[in-house]
*Asks:* 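Can you keep this structure in mind? I'll have questions shortly.
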Amino acid sequence: MMLLRLDDLTVRRGGVAVVAGVSATVGPGEVIGLVGPNGAGKTSLMRAALGLLAHEGCSSLAQLAPGPRARAAAWLPQAREIAWGMPVEAVVRLGRMPHGGGGTVAVERALARMGLQGLRGRAATELSGGEQARVLIARALAQEAPLLLADEPIAGLDPAAQIATMQVFAGLAAAGGAVVASLHDLGLAARHCTRLWVLSHGRLVADGAPRAVLTPGLLAEVFHIRAHFAETAEGPVFQALELLGGTA
Amino acid sequence: MSYRALLIWLSVLVAALFLGSLLVGASSLGPGASLAALWSGEGAAGLVLREIRLPRALLGLLVGAALGLSGAAMQGFLRNPLAEPGLIGTSGAAALGAVIAIHTGAYAAFALALPLAALTGAGVAVALLLALAGREARALTLILAGIAISALAGALTALVLNLAPSPYAAAEIVFWLMGSLADRSMLHVALAAPFIALGAVIVLRLGRGLDALTLGEDAASSLGVSLPRLRLGVVAGTAALVGAATAVTGAVGFVGLVVPHLLRSAVGAAPSRLLPASALGGAAMLLAADIATRLIVPERDLKLGVLTALVGAPFFLRMIRRIGREGA
């Protein structure tokens, strides 16, 4: 069973293809790290896949009606917006909307997964930025859709929360779901993702296991960096080392 | 206080103020005699109660609820506590319609010409707004189109005043623009009530969508909310509410702005809960303000809109200061 199928997905903005002919599939059990430099088209790719952005080609999610789509995939946008000071628990419960409300168990599970039980009664807008980010991840988890698309979900989180979030994603995948998350931290991507999609100028230039994808050649060409990558007893360790010349 | 308790408390408050509005007035009738006269409808007292005070109290209730509800919907939709229902230009356009009816003297020949012209103005504003904002569901486009329509309606209102045939006609227009519930009849109630009911039904159904919008437009659509439909509901619903309210009372400011803000933290900030609470709160505030106009200077006709602005503007300033401090 495929959770998402993209077929020649293309997004044009002002005549420029910011996403150019991307074809890929997502199946259960996968945590896919969507990586690429700024402006590579990561956000556009995910928004088009969800049908939130006009596109050519085909996305299996975009073809669904809004209701079924909201039950098939949850979306965590990069802009962390909480307009009103609603209690944390009420914000998380917004994730139950596609299911017609209810789902107290799902809300509790999401709060527990993101370590928010102690904050449930607090006004969400009074929390710190990192705490708000966790509240919004919990909201997406409460949706309990098989597929979660997340745009830079761990940016701005402390190291513990970053690792915890990646572990939550791994847990979703282990339970038969899948996650596609855009990430800038290639180290965390290498450690916690089952697969990486590398996007460069809107094109999917690599799709595979982190070890197979993050080669010196690709890192130089796409990211203009040199890095150290080692398989250790404690798993893969990736560290960017230096900028390569001729970045233009 | 729980949400349910708050709604009950507000309902009791509205009921008490409605009763108060029936009992306070120029003619010195005791409370018992007033209610007896309202029930029987006999004699001069019956006429006063049924023809003067009852429509006034009913309009206070309806218009206040309409302003509170539309304010809560507009703030929820724009995700901005400083938004007010007049922002999309319908109240300005309704006022323009009424002013034209006064200027041409049409309302002297036919009592309902004024509110009907105002409703037409509001309708034209909505059509123009949707044409200007197009299919683009972004809130910013809507605000900009609303500001343009408000400015145009304001300029045309000024033009009508400028061309007024006599100082008396100009004074009449100015007084009408101040907003008042005095000297309205049951005909006004009958005209406004269906539009306010229709607007309320539309807006009260938008709660879930507005809740989702708390997370931003993208997240709301991913939760299955249709943004174009939500926007259409907000525009059509608030236009019916505000258009009808303006048509029968003139411009009454600050109620739609202040009431949702006062109640927001008490309902836990969720827009869906704020809608019914603001409807009740708006009714209470307008009934109270209208009673106050009769108590403060009973011998002069203090305009309702003047009073709400006098009380509302300082409150608004305080709100801006607080938001400024929180933002800092």
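Below, chains carry the letters A, B, ... as their sequence lines are ordered, and counting in each starts from 1.
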*Asks:* Counting heavy-atom pairs under 4.5 Å with chain A, which one of G216(B), G224(B), A269(B) comes out on top?
*Replies:*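 That would be A269(B).
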*Asks:* Using a cut-off of under 4.5 Å on heavy-atom pairs, state which of A145(A), A83(A), P68(A), A73(A) scores highest against chain B.
*Replies:*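 Maximum pair count with chain B is reached by A83(A).
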*Asks:* Under a 3.5 Å distance rule, please check whether Q132(A) uses its side chain to pair with a backbone N or O of L127(A) as donor and acceptor.
*Replies:* yes
*Asks:* Please lay out, stage by stage, how R109(A) and E144(A) fare under the test salt bridge (charged side-chain N to carboxylate O under 4.0 Å, His left out).
*Replies:* CA-CA 10 Å; R109(A) 196 157 39 213; E144(A) 300 210 320; 2.7 Å; yes
*Asks:* Is there a donor-acceptor contact under 3.5 Å from the side chain of T246(B) to the main chain of G243(B)?
*Replies:*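 Checked: no pair found.
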*Asks:* Select one option (side chain, backbone, both, neither) describing which atoms of V267(B) are under 4.5 Å from chain A's heavy atoms.
*Replies:*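 Looking at V267(B), nothing touches chain A.
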*Asks:* When you measure from the side chain of Q75(B) to the backbone of L257(B), do you find a donor-acceptor pair of N or O atoms at a distance under 3.5 Å?
*Replies:* yes
*Asks:* Checking the side chain of K42(A) only, and the main-chain atoms of L199(A) only, is there a donor and an acceptor separated by less than 3.5 Å?
*Replies:*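 Not confirmed, K42(A) side chain does not pair with L199(A) backbone.
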*Asks:* Let me know if R139(A) has heavy atoms under 4.5 Å from chain B in its side chain, its backbone, both or neither.
*Replies:*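 Contact with chain B involves the side chain of R139(A) alone.
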*Asks:* Is chain A contacted by the side chain of R264(B), its backbone, both, or neither, given a heavy-atom distance below 4.5 Å?
*Replies:*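 For R264(B), side-chain heavy atoms alone lie under 4.5 Å from chain A.
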*Asks:* Are a donor atom and an acceptor atom from the side chains of D151(A) and S182(A) found within less than 3.5 Å of each other?
*Replies:* yes
*Asks:* What part of R71(A) gets closer than 4.5 Å to chain B, counting heavy atoms only: side chain, backbone, both or neither?
*Replies:* neither
*Asks:* Check each atom of L136(A) against the heavy atoms of chain B and say whether the ones under 4.5 Å are side chain, backbone, both or neither.
*Replies:*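 Looking at L136(A), just its side chain touches chain B.
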*Asks:* Quick one: what part of L50(A) sits under 4.5 Å from any heavy atom of chain B, side chain, backbone, both or neither?
*Replies:*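 Neither; nothing under 4.5 Å.
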